[in-house]
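The block underneath contains the structure these notes are about, expressed in structure tokens.
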Amino acid sequence: AQSVSQHNHHVILSEAASLELGCNYSYGGTVNLFWYVQYPGQHLQLLLKYFSGDPLVKGIKGFEAEFIKSKFSFNLRKPSVQWSDTAEYFCAVNAAASKLTFGTGTRLQVTL
Amino acid sequence: GAGVSQTPSNKVTEKGKYVELRCDPISGHTALYWYRQSLGQGPEFLIYFQGTGAADDSGLPNDRFFAVRPEGSVSTLKIQRTERGDSAVYLCASSLTTSRPYNEQFFGPGTRLTVL
């Protein structure tokens, strides 16, 4: 069965700091990888996704993620965070089945 | 266009009661998914439909949970004899198909279920 680990449960950063959120998955076959974001009071929204091709994926709002197959990782990055990036971030994977398997989420708090 | 909608947004019920949660997917999306999110956790898969049929119901926790999608559009998640442990946010998502790259799932706002 597939599983997803997010190592950082709560991250606090100052505005303009760089962000990297870890995500590791376990599954031996072909996977689709996703990062979703949930802003306070809003529903889950897709930030970016990886299906195939270039392992460096760019998403909305300046976010990017790199798929490293040998490490089973799909870490999320942003060079300079803004206060409006305060949210919960979920990494997810879907393999042969259509269902998404999510990590437990990382709560990001950006301070002014 | 309209996104995924879910009703009610909040539902409070008493232990032992029956509840129905409704999901209206994005028009034209053939696949519909239900997830459950408990406090401090990521969403957990319950069931998904391809058209009218349940293609994978492996995430339903027990036989008190049932879902239908009779016309291939709106879906209802039904929970019998609710228990306090059923309290969670129930999320619905839909996707155009289940084939890459059209299998991106769009989520609704969720129904917060509280069982007293």
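A, B, ... follow the sequence lines: proteins, then strands. Residue 1 opens every chain.
Sequence neighbours left out, the pairs with a member in residues 17-84 of chain B that pass disulfide bond (SG atoms under 2.5 Å apart) are B/C23-B/C92.
Summarising the local packing, CZ of B/F66 is surrounded by 12 or fewer heavy atoms from other residues, nucleotides or ligands at distances under 6.0 Å. Under a cut-off of 6.0 angstrom, the local environment of CD in A/Q42 is crowded, with over 12 non-hydrogen atoms contributed by other residues, nucleotides or ligands.
With a threshold of 4.5 angstrom between heavy atoms, A/L46 approaches chain B through side-chain atoms but not through N, CA, C or O. Residue A/Q6: no heavy atom, backbone or side chain, is found under 4.5 Å from chain B. Neither the backbone nor the side chain of B/I47 comes within less than 4.5 Å of any heavy atom of chain A.
Per-residue counts of heavy-atom pairs under 4.5 Å with chain A were compared for B/Q105, B/Q50, B/Q37, B/E44; the largest is that of B/Q105.
Note on ring orientation: taking the six-membered ring where Trp is involved, the planes of A/Y25 and A/F72 are perpendicular (angle over 60°, cut-offs 30° and 60°).
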